[in-house]
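This report refers to the structure that appears directly beneath it.
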Amino acid sequence: MSEKLSADSRCEQTGDEKQDTQEKEAVVPERAEEAKLKAKYPNLGQKPGGSDFLMKRLQKGQKYFDSGDYNMAKAKMKNKQLPTTGPDNNLVTGDHIPTPQDLPPRKSSLVTSKLAGGKNSIPRKDRVLRAEEWTLGGLTLCLLVQ
Amino acid sequence: MAGAGGGGNDIQWCFSQVKGAVDDDVAEADIISTVEFNHSGELLATGDKGGRVVIFQQEQENKIQSLSRGEYNVYSTFQSHEPEFDYLKSLEIEEKINKIRWLPQKNAAQFLLSTNDKTIKLWKISERDKRPEGYNLKEEDGRYRDPSTVTTLRVPVFRPMDLMVEASPRRIFANAHTYHINSISINSDYETYLSADDLRINLWHLEITDRSFNIVDIKPANMEELTEVITAAEFHPNSCNTFVYSSSKGTIRLCDMRASALCDRHSKLFEEPEDPSNRSFFSEIISSISDVKFSHSGRYMMTRDYLSVKIWDLNMENRPVETYQVHEYLRSKLCSLYENDCIFDKFECCWNGSDSVVMTGSYNNFFRMFDRNTKRDITLEASRENNKPRTVLKPRKVCASGKRKKDEISVDSLDFNKKILHTAWHPKENIIAVATTNNLYIFQDKVN
């Protein structure tokens with residue numbers, strides 16, 4: 001009798017264990033990935049959703065250029081080259097002063113979308129496409145004029 | 001009928017058309033950034049990174065004879081937004097069209113709202129098929145006639161001409177957003193609309209461009225305390241006083257404009273409780289909601305986060321009523337997806353006309369449909385390989401691990417540069433528009 005009982009309780013236990021390991025396995029992919037990331041970047045901050053991450057998102061498009069800073073830096077450096085950007089051109093950090101060379105080239109002239117042209121999009125033959133608001137405004141960065 | 005009798009799987013989806021260039025070298029301006037059918041489904045608008053809008057119109061086929069529904073062909077195209085530079089703030093303003101929303105049709109012309117990061121524009125698209133001829137003082141080509149040669153008077157008459165479709169900007173709603181606009185939504189009153197940026201939501205009247213009301217402001221007094229941003233917002237389809245906005249922390253807030261002028265205090269907060277033992281570095285990032293859409297009925301809303309689609313009943317705030325996994329196999333790839341920034345991709349989602357099926361995009365130019373009634377799902381691919389009209393699309397399957405069966409594709413072979421972020425479903429029929437990076441695919445169900 002007691003043997004039977006103990007056999008039953010053994011089965012229960014293994015059942016629980018099974019569930020436990022299954023749950024752990026479900027968690028493991030994300031945690032394993034997290035471990036991988038921390039191994040690669042040990043200095044990664046604790047709060048990924050914190051203000052640093054969001055501030056970067058909010059600052060998209062910000063391009064700083066101060067001609068005063070630029071000229072002061074140039075004067076200080078005298079003959080030396082100004083530090084140029086690293087691989088990430090969009091981040092302006094620390095002592096890096098943006099130079100005219102850093103900023104991306106002017107965007108090319110505006111042309112018709114390929115969705116509206118080409119063999120795959122056949123406009124109706126009896127129709128003429130006309131857009132009223134074609135302006136020739138360009139993007140000029142006056143601040144860079146020295 | 002959209003979704004009637006069956007769902008995403010009883011329907012056999014066939015290739016119909018593909019728009020855009022074939023070449024692999026994609027110009028940045030050609031990247032499609034939004035796709036939207038109008039209220040009747042007759043028009044389909046796309047916006048791209050170059051600030052251009054292209055509108056397609058469905059051809060009116062002879063329904064008795066046709067084997068398929070009308071094709072979509074180019075109706076109008078125009079430059080909606082141009083690149084700008086805000087000198088005061090040293091901000092480059094992209095011309096990329098973030099959203100297009102159609103107004104319901106009130107007269108012969110069509111109206112849509114298109115927005116980039118900072119400025120919303122109301123465009124009027126109208127047809128001209130007649131022109132006046134027989135002026136007394138002008139020649140037909142516009143040159144003025146010498147008045148002394150005019151000996152008789154006649155009344156100019158309207159004569160038919162080749163159809164011309166003109167797009168003109170009717171209102172420009174500018175200077176109301178410090179941060180980047182992510183959503184616009186037209187109210188069911190058809191007079192007002194909202195625009196949402198990362199921290200604020202503004203209410204506009206379609207006729208008034210020089211002012212707007214701020215209805216939500218989550219900017220903290222100290223920016224160091226910033227913990228979440230607004231990711232999407234939408235008005236309720238029937239209740240003109242109700243709107244929702246989603247956040248980067250995975251919550252949705254429903255607000256009632258009758259409660260107060262500034263809706264900083266939500267009426268309802270929808271949030272699924274998180275299991276603390278499951279929390280990881282990635283938890284918050286993948287819970288960020290990239291899109292929120294009300295069902296046509298107004299009873300439900302759908303949210304899209306990085307790995308799943310959730311359906312919420314507006315009457316129940318503590319958890320979604322349905323959750324569908326879009327690409328769960330990516331959970332074990334989060335590290336590399338974080339490194340290549342894919343984890344921040346913003347996928348959209350959409351309902352079919354009868355709210356029985358929902359659709360969203362994934363990687364490798366795959367898109368997914370979930371039938372809410374049968375609980376079945378399907379994965380399809382937008383590819384030029386199947387581009388014979390009326391070719392039925394073959395369901396695709398991703399093999400997460402272990403032995404890969406024939407026709408399956410392994411997770412490591414997925415192309416993460418081929419993302420389908422934008423999809424749209426015709427409001428009445430089983431016709432869908434799926435945007436890959438620079439091509440627009442149109443699929444429809446097999447009409448027997």
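Quick caveat: nothing in here was measured; it's all calculated off a predicted structure. Chain identifiers are assigned alphabetically (A, B, ...) following the order of the sequence lines, protein sequences preceding nucleic acid strands; residue numbering begins at 1 within each chain.
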Problem - R279(B) CZ to E34(A) CD distance, which is reported to the nearest 0.5 Å - result: 9.5 Å
Completion exercise
dist S332(B):OG -> R31(A):CZ (nearest 0.5 Å) comes out at 15.5 Å
Fill in the blank from the handout: Honestly, the part of D197(B) sitting under 4.5 Å from a heavy atom of chain A is neither
Exercise for the section: Measure distances from L199(B) to the heavy atoms of chain A and classify the residue's part below 4.5 Å as side chain, backbone, both or neither. Expected result: side chain
Handout entry: Which portion of I286(B) sits near chain A, non-hydrogen atoms under 4.5 angstrom
Key = side chain
Handout entry: Residue part contacting chain A, namely of I32(B), when any heavy atom lies under 4.5 Å
Key = side chain
Completion exercise
Okay, Y72(B) and chain A: the region with an atom under 4.5 Å from a heavy atom over there is neither
Problem - Note, T112(A) side chain near R52(B) side chain (heavy atom, < 4.5 Å) - result: no
Handout entry: Under 3.5 Å side-chain donor-acceptor pair for E33(A) and Y338(B)
Key = no
Problem - Least distance between heavy atoms, A116(A) atom then V74(B) atom - result: CA-CG2, 3.8 Å
Exercise for the section: Flag yes if more than 12 heavy atoms outside E28(B) fall under 6.0 Å of its CD atom; otherwise flag no. Expected result: no
Fill in the blank from the handout: Rounded to the nearest 0.5 angstrom, the SG-NZ distance for C335(B) and K40(A) is 5.0 Å
Problem - Inter-residue atom distance S113(A).OG - Q79(B).CD, 0.5 Å rounding - result: 9.5 Å
Completion exercise
Separation between CG (L115(A)) and CG (N438(B)), nearest 0.5 Å, reads 8.0 Å
Practice task
Supply the atom-to-atom distance L440(B) CG to K114(A) NZ, rounded to the nearest 0.5 angstrom.
Solution key: 15.5 Å
Completion exercise
Heavy-atom closest pair (Y41(A) atom, E339(B) atom, distance to 0.1 Å) is OH-OE2, 2.7 Å
Completion exercise
Under 4.5 Å to a heavy atom of chain A? For T46(B) that would be side chain
Fill in the blank from the handout: Smallest heavy-atom separation, L334(B) atom then E30(A) atom, equals CD1-CG, 3.4 Å
